[in-house]
Amino acid sequence: MVIRQSLEGRSILLIISGGIAAYKSLDLIRRLRERGARVRCVMSEAAQNFVTPMAVGALTGETVFTQLWDRDAEQDIGHIRLAREADLVIVAPATADLMAKMANGLANDLASTVLLAVSSPVLVAPAMNPAMWDHPATQRNADQLMADGILFTGPADGEMAESGEAGTGRMSEVMDIVTEAERVLDDRPKPLAGKRAVITSGPTREAIDPVRYISNHSSGKQGHAIAAALADAGADVILVSGPVTIDPPADVTVVDVVSAQDMADAVDRALPADIAVFVAAVADWRVSSQAPEKMKKDGSGQFPALDMVENPDILRGVAQRKENRPALVIGFAAETEKLEEHAKVKLAKKGADWIVANDVSEGVFGTDRNSVTLVTKGGAEKWPASSKDQVAMRLVERIAERFETVAV
Ligand code: CTP
């Protein structure tokens, strides 16, 4: 898997305070670094009961700061500079004690002193026993911190690592903290801010009986990549997804569906939208009525005759709407030959604005690469073969250009 260098050139100061969730901070360091961030750590005295500065130093590749009055560290960098040089400060785990100090402006150890000197955004991931989180004092401190502009992720619900007790107090999952950090540090232009997009992705499943279905090999990778790229460009994205095994992209609303009819209904409910992209490999037919019980072999040696009817063409239905037609309707076409010619026919037949024609002669399902030609009413443009993520980014660039030049 290629990990986007979303935090490239960014400096993150991770403050680890003393809670059992500190073990997760080791994974957090790895995830932040593999996205390109420089990570420096401050560990409180109590944190060192759970993880060692040695482990933290090995994972960050940096000096670990543990003492307020450490002459070597002060000569080297100094706590004020440590605070100022970070683009983002993450406190994970944040204990009730550290939150109380932050809310009251106390500065009696390195972690709290650094937190009083920062000018960059601060993201806090609380982790504590549910009774401590629910306590009015902690709630008061959390409210104060939010009022001071401190960002929060979690705490989540679930079982506590040490006591098995259930309630609110678990530290956010590591990837949720990473996603929040990416969001805070994302200063890329948002050309599609304020635009709403609906995407279909993945296969559909058409039931034959309670255990069998007709489907196809679509992985959803291309559709999900387009949904992610649209969200990165600032669009408000609804991803209507057939059954897939890949993870949903961050920052999109996912509507899970099974059959073509479910997908058509979900798209209908998601409209109106400015942009609609139909990437799903929708089954063209379904069995007219699903058998209520599992079908049995009848001894004839023949596959039982199935009465098949055509599914609604979702792309055509939306492209030809009289009311609430999205300003830009994009379809996909899988072709093995005469790519451009077939795509032009499809463009006209369906009433789409653009067709992204996929060359599937060498197999595309489940792979990470795609070779496509963008066919519009104005002509065809062959793009070099590239990853599905790159195809998605290029398509979204084109969508953004189109909304720049045509005031819609
Ligand atoms: N599509 C749809 N609803 C359907 C069938 C297709 O929305 N019931 C959309 C797909 O998401 C895709 C495009 O229509 O954007 C593909 O058109 P389709 O007619 O299925 O073309 P191909 O799959 O390329 O197949 P064929 O060559 O048989 O036309």
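Values in this document were obtained by computation on a predicted structure and should not be read as measured data.
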(request) Answer whether the closest heavy-atom distance between the side chains of Leu13 and Ile90 falls below 4.5 Å. (result) no

(request) Report yes if some heavy atom in the side chain of Leu192 is under 4.5 Å from a heavy atom in the side chain of Val396; otherwise report no. (result) yes

(message) Taking side chain to side chain contact (heavy atoms under 4.5 Å, CB included) as the criterion, tell me which of Pro203, Ser219, Ser201 meets it with Val244.
(response) Pro203

(request) For His135 and Ala131, indicate whether the former's side chain and the latter's backbone hold a donor-acceptor pair under 3.5 Å. (result) no

(request) State whether the number of non-hydrogen atoms from other residues, nucleotides or ligands found under 6.0 Å of Lys382 atom NZ is greater than 12. (result) yes

(request) State, without any angle test, whether Thr138 and Asn141 hold a side-chain donor-acceptor pair at a distance under 3.5 Å. (result) no

(request) Could you tell me whether Lys101 and Asp109 have a side-chain N and a carboxylate O separated by less than 4.0 Å? (result) yes

(message) Side chains of Leu59 and Arg30, heavy atoms from C-beta outward: is any pair under 4.5 Å?
(response) yes

(message) Checking Asp262 against Ser259: is there a side-chain donor and acceptor pair closer than 3.5 Å?
(response) yes

(message) Val287 and side chain to side chain contact (heavy atoms under 4.5 Å, CB included): which single residue from Asp307, Ile214, Val309, Asp209 fits?
(response) Ile214

(request) Please check if atom CD in Glu45 has more than 12 non-hydrogen atoms from other residues, nucleotides or ligands closer than 6.0 Å. (result) no

(request) Please determine if Arg188 and Asp232 form a salt bridge, counting it only when a charged side-chain N lies under 4.0 Å from a carboxylate O. (result) yes

(request) Check the side chains of Asn311 and Asp284 for a donor-acceptor pair under 3.5 angstrom, ignoring hydrogens and angles. (result) no

(request) Determine whether Met171 and Ile177 make a side-chain contact, defined as any pair of heavy atoms from C-beta on separated by less than 4.5 Å. (result) yes

Listed pairs under 3.5 Å, donor-acceptor, residues 324-332 side chains, sequence neighbours left out:
| from | atom 1 | to | atom 2 | distance (Å) |
| --- | --- | --- | --- | --- |
| Arg325 | NE | Ala319 | O | 2.7 |
| Arg325 | NH1 | Asp353 | OD2 | 3.1 |
| Arg325 | NH2 | Gly351 | O | 3.0 |
| Arg325 | NH2 | Asp353 | OD1 | 3.4 |
| Arg325 | NH2 | Asp353 | OD2 | 3.2 |

(message) If only side-chain N and O atoms count, and only distance matters, is there a donor-acceptor pair under 3.5 Å linking Asp157 with Thr168?
(response) yes

(request) For the residue pair Leu32 and Val178, establish whether any side-chain heavy-atom pair is separated by less than 4.5 Å. (result) yes

(request) Run the salt-bridge test on Asp236 and Lys195 with the 4.0 Å N-O cut-off and return the result as yes or no. (result) no

(request) Of all the heavy-atom pairs spanning Ala22 and Phe50, show the shortest one and how long it is. (result) CB-CB, 3.9 Å

(message) Quick test of your reading of the model: are Glu335 and Lys346 salt-bridged, counting only N-O distances below 4.0 Å?
(response) yes

(message) Distance alone, cut at 3.5 Å: any donor-acceptor contact between the side chains of Asp143 and Gln139?
(response) no

(request) Answer with yes or no whether the side chains of Ser6 and Glu182 bring together a donor and an acceptor at under 3.5 Å. (result) yes

(message) Could you go through Glu381 and Arg398, starting from their C-alpha distance and side-chain angles, then the distance that decides it, and tell me whether this counts as salt bridge (charged side-chain N to carboxylate O under 4.0 Å, His left out)?
(response) CA-CA 12 Å; Glu381 191 185 299; Arg398 298 301 305 271; 2.7 Å; yes

(request) Decide yes or no for Ile15 and Val114: does some side-chain heavy atom of the first lie under 4.5 Å from some side-chain heavy atom of the second? (result) yes

(message) Is there a side-chain contact between Glu337 and His342 in this structure, where contact means two heavy atoms from C-beta onward sitting under 4.5 Å apart?
(response) yes

(request) For residues Phe65 and Arg40, determine if any side-chain heavy atom of one lies less than 4.5 Å from a side-chain heavy atom of the other. (result) yes

(request) Could you tell me whether a side-chain N or O of Glu180 sits under 3.5 Å from a main-chain N or O of Leu123, the two making a donor and an acceptor? (result) no

